[in-house]
Amino acid sequence: MAPSRYVGILALVAGCLLPSGVRALWPIPHTLETGTTALTVSPFFYFDVQVEGAPLDLYEAVSQAQFYLANDKLGRLVVGRGANDTTALVGANTLSTLTLSLMSGATAEPIASEAVKPLGTRSEEYTLTIPADGSAATLVANSTLGLYRGLTTFNQLFYYYGGVTYTLLAPIAITDTPAYPFRGFALDTARNYYPVSDILRTLDAMSWVKINTFHWHITDSQSFPLEVAQYPELAINGAYSPQEVYTPSDVQYIVQYAGARGIDVLLEVDTPGHTSIIAATYPDYVACFDETPWSTYANEPPAGQLRFALPEVVNFTASLLADIASTVPSSYFSTGGDELNVPCYTNDYPTQLQLNSTNTTLNDALNTFTLATHGALIAEGKTPVVWEEMVLDWNITLSNETIVMVWISSEDALAVAERGFRLVQAPSNYFYLDCGAGAWLGDDPTGNSWCDPFKTWSESYTFDPLANLTEAQYELVLGGEQCLWSEQSGPENLDPIVWPRAASSAEIFWSAQQPTGAPLNVTEALPRLQDLRFRMVQRGLKPIPLQPYWCAIRPDACDLTA
């Protein structure tokens with residue numbers, strides 16, 4: 001094909017490029033020093049855990065690291081895949097041990113406990129040192145979570161050829177810490193169902209790039225697959241089938257699995273919109289249920305929203321959210337609040353009767369509903385999370401601690417910050433992974449998705465989390481996430497639609513800049529992302545190729561200016 005007409009804007013200046021040997025590292029560490037000495041890994045290499053009272057999940061993390069070290073067997077992405085390295089490896093020193101320890105005074109809590117601490121209180125920093133002489137490498141952190149992050153980096157440093165695992169960069173010294181406390185990935189499991197195994201595999205991949213929040217959009221208008229102890233009929237009547245549900249034991253296993261990988265599970269039960277399916281169990285609680293044409297009453301079918309003006313619906317929703325929130329350890333819980341359709345209520349007799357009899361506006365009723373539902377969550381020790389409309393469209397009274405997710409446009413972050421709320425950057429114009437797949441609605445000849453075009457990793461990678469904000473507002477930005485809404489996704493295409501694209505935001509919000517202080521840029525990043533993508537393949541994932549293989553093993557050869 002001919003070069004794209006957009007190709008000119010992708011010809012970015014490389015800036016301060018990193019040594020070619022660190023093309024394995026993603027996200028790039030905060031500080032990094034490397035040498036030019038070859039170092040092989042002993043066949044008898046072991047991790048020496050010098051942590052008093054080390055928790056079980058730290059030992060599990062070490063076993064996981066040992067497995068990856070032995071089984072990645074990733075050849076360097078150069079012509080010959082490492083065949084030309086054999087000369088340098090002759091007589092090279094051998095690394096036999098990595099010693100793990102905590103800083104003096106640090107307490108050895110489980111990784112899973114560290115992962116769910118409030119944002120700003122989690123300790124993810126670590127220091128990793130690998131001498132060139134074969135003496136023990138060291139990994140030191142203030143927490144077991146920091147040790148886990150360091151193990152992830154350690155596993156990215158080594159290549160394999162001809163039965164030898166090695167690096168050409170010794171000595172190596174890394175001091176690392178995240179730029180932002182929130183680094184997420186959001187998955188919608190309601191439009192289409194994902195088996196637990198797919199979620200677990202995704203959590204593994206998230207951990208490899210130090211993503212620390214799984215934003216689980218678990219219910220929506222189309223299905224309610226979550227089994228709730230106090231309200232079992234919701235899943236009985238609302239799941240696609242009895243097999244397509246998440247049982248309490250499923251949720252607990254996913255939460256435990258995520259926690260052991262340093263990932264907090266942020267559940268979202270979207271209300272009062274995106275709730276049509278609740279009418280299958282509580283028909284009196286939902287306005288404009290299945291009304292047609294649906295496009296008048298909802299952003300996508302089927303129409304139907306909670307009658308939030310009714311006291312019984314307020315009480316039900318508060319009880320439902322509290323019941324769900326009480327089962328998960330996260331400090332946060334999302335109530336959504338996006339895409340609320342006003343016409344749905346305009347001609348809804350029960351809603352209008354309630355509003356008129358109490359001399360209340362729809363906005364006032366939504367405020368009352370939100371105060372009650374958020375109050376129930378706060379009583380469970382949870383900090384509420386909402387989408388931006390609750391602040392920008394409805395001006396709802398929210399706790400000062402509420403976290404606001406910006407999704408409609410990156411331009412909206414300023415308006416949220418001006419209201420003083422902490423925010424998470426998830427703008428559709430950069431971070432929506434479902435965009436560009438074409439129209440999914442029937443009888444739509446345009447063939448386009450609402451958020452076209454496809455969000456390439458490189459476009460996402462240019463995102464500036466602090467754009468348009470004042471320096472005083474920078475501290476309000478907690479981080480960001482990429483999102484997969486599942487109208488056109490399921491287990492069949494989960495890996496390639498998410499990976500390695502979701503790694504772009506992982507680096508933006510962990511690294512923020514190169515170790516040299518230079519800005520992140522696509523030209524420098526591409527060879528490292530290639531390396532990550534090939535390592536993911538070695539670990540059983542099916543990420544989409546970024547380029548032809550010819551380009552992948554010839555770093556920079558396919559740059560526009562090469």
Side-chain angles (χ1 to χ4, degrees), residues 27 30 115-125 177-186 210-215 217 263-264 266-268 270 330-338 367 370-371 374-375 377-378 381-432 460-483 504-513 519-520:
H30 180 68
V116 298
K117 288 183 176 180
L119 294 168
T121 68
R122 302 172 192 170
S123 176
E124 297 183 87
E125 65 272 14
T177 189
Y180 295 88
F182 187 105
R183 305 175 306 281
F185 168 66
K210 301 182 175 68
I211 291 176
N212 70 352
T213 304
F214 175 48
H215 176 184
H217 184 90
I263 298 170
D264 187 14
L266 167 62
L267 277 180
E268 179 183 346
D270 207 348
S330 178
S331 299
Y332 307 94
F333 193 95
S334 175
T335 61
D338 61 314
N367 199 66
T370 306
L371 286 171
H374 283 197
L377 291 173
I378 292 170
K382 309 300 182 184
T383 296
V385 180
V386 298
W387 294 110
E388 63 178 81
E389 291 99 317
M390 289 287 97
V391 172
L392 302 185
D393 292 352
W394 295 92
N395 195 27
I396 295 299
T397 302
L398 299 170
S399 159
N400 291 336
E401 296 301 308
T402 303
I403 295 172
V404 179
M405 289 194 163
V406 174
W407 75 272
I408 296 174
S409 170
S410 56
E411 299 296 322
D412 295 341
L414 175 60
V416 173
E418 286 176 340
R419 287 162 173 78
F421 288 103
R422 297 180 298 166
L423 62 94
V424 168
Q425 297 273 21
S428 60
N429 52 325
Y430 283 92
F431 287 163
Y432 271 30
S460 299
Y461 196 71
T462 65
F463 179 71
D464 179 1
L466 305 178
N468 303 319
L469 302 181
T470 67
E471 190 171 345
Q473 294 168 337
Y474 289 174
E475 65 180 9
L476 296 174
V477 181
L478 296 175
E481 67 179 26
Q482 281 171 272
C483 308
S504 59
S505 60
E507 180 154 285
I508 290 171
F509 295 109
W510 177 280
S511 308
Q513 62 182 18
L520 299 176

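Only this structure's heavy atoms are used, side chains among them; waters, hydrogens and symmetry mates stay out.
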Check this for me: does any side-chain nitrogen of one of Arg419 and Glu388 sit under 4.0 Å from a carboxylate oxygen of the other? no
Without swapping roles, check the side chain of Tyr332 against the backbone of Ile403 for a donor-acceptor pair under 3.5 Å. no
Can you find a pair of side-chain heavy atoms, one from Ile378 and one from Ser399, that are under 4.5 Å apart? yes
Before you tell me yes or no, could you show the steps for Glu481 and Met405 under side-chain contact (heavy atoms from CB on, under 4.5 Å), namely the whole-Å CA-CA distance, both residues' side-chain angles and the distance that decides it to 0.1 Å? CA-CA 9 Å; Glu481 67 179 26; Met405 289 194 163; 3.7 Å; yes
Between Thr397 and Leu371, is a side-chain contact (heavy atoms from CB on, under 4.5 Å) present by the stated rule, with each step listed? CA-CA 7 Å; Thr397 302; Leu371 286 171; 4.1 Å; yes
Will you find, in the side chains of Gln513 and Ser511, an N or O donor that is under 3.5 Å from an N or O acceptor? no
Locate the shortest heavy-atom distance separating Pro178 from Glu124; write the atom from each residue and the value. CG-OE2, 3.8 Å
Evaluate Leu392 against Val416 for side-chain contact (heavy atoms from CB on, under 4.5 Å), listing each step before the verdict. CA-CA 7 Å; Leu392 302 185; Val416 173; 4.0 Å; yes
Mark yes or no for whether Asn212, through its side chain, and Pro181, through its backbone, hold a donor-acceptor pair below 3.5 Å. yes
Side-chain heavy atoms of Tyr461 within contact of Leu520, under 4.5 Å: yes
With a 4.5 Å heavy-atom cut-off, do Val477 and Tyr180 have their side chains touching? yes
Does any part of the side chain of Ser331, heavy atoms only, come nearer than 4.5 Å to the side chain of Pro118, both counted from C-beta? yes
With no hydrogens and no angle check, do the side chains of His374 and Thr335 hold a donor and an acceptor under 3.5 Å apart? yes
Let me confirm one number: the CD1-CZ distance from Ile211 to Phe214, rounded to the nearest 0.5 Å. 11.0 Å
Would Phe509 and Phe182 count as a close aromatic pair, with their ring centres under 6.0 Å? no
Counting neighbours of CD on Glu475 that are heavy atoms of other residues, nucleotides or ligands and sit closer than 6.0 Å, is the number greater than 12? no
Are any of the side-chain heavy atoms of Ser504 and Gln482 separated by less than 4.5 Å? yes
Mark yes or no for whether Ser428, through its side chain, and Ile408, through its backbone, hold a donor-acceptor pair below 3.5 Å. yes
Can a donor-acceptor pair be found, under 3.5 Å and without considering hydrogens, that links the side chain of Gln473 to the backbone of Thr470? yes
Quick check against the 3.5 Å criterion: does Asn468 have a side-chain atom that pairs as donor or acceptor with the backbone of Ala413? no
Would you give the length of the straight line joining atom CG of Asn395 to atom CG of Asp393, rounded to the nearest 0.5 angstrom? 10.0 Å
Short N-O contact, Asp264 and Arg122, less than 4.0 angstrom: yes
Given 3.5 Å as the limit, does a donor-acceptor pair link the side chain of Ser460 with the main chain of Tyr430, or not? yes
Under 3.5 Å: donor-acceptor pair, side chain of Arg183, backbone of Lys210: yes
For a 4.5 angstrom cut-off between non-hydrogen side-chain atoms, does Ile396 reach Val391? no
Where is the tightest heavy-atom contact between Val386 and Thr402, given as atom of each residue plus distance? CG2-CG2, 4.0 Å
Could you check whether any side-chain heavy atom of Phe431 comes within less than 4.5 Å of a side-chain heavy atom of Ser505, counting everything from C-beta outward? yes
Whether the Glu389 and Trp407 side chains hold a donor-acceptor pair (N or O, under 3.5 Å, no angle test) is what I'd like checked. yes
Heavy-atom nearest pair, Ile508 first then Pro465, reads CG2-CG, 3.7 Å
Ring centroid separation Trp387 to His215 under 6.0 Å: yes
Heavy atoms of Asn400 and Phe421 approach each other most closely as O-CD2, 4.4 Å
Student check: side-chain heavy atoms of Arg422 and Glu401 closer than 4.5 Å: yes
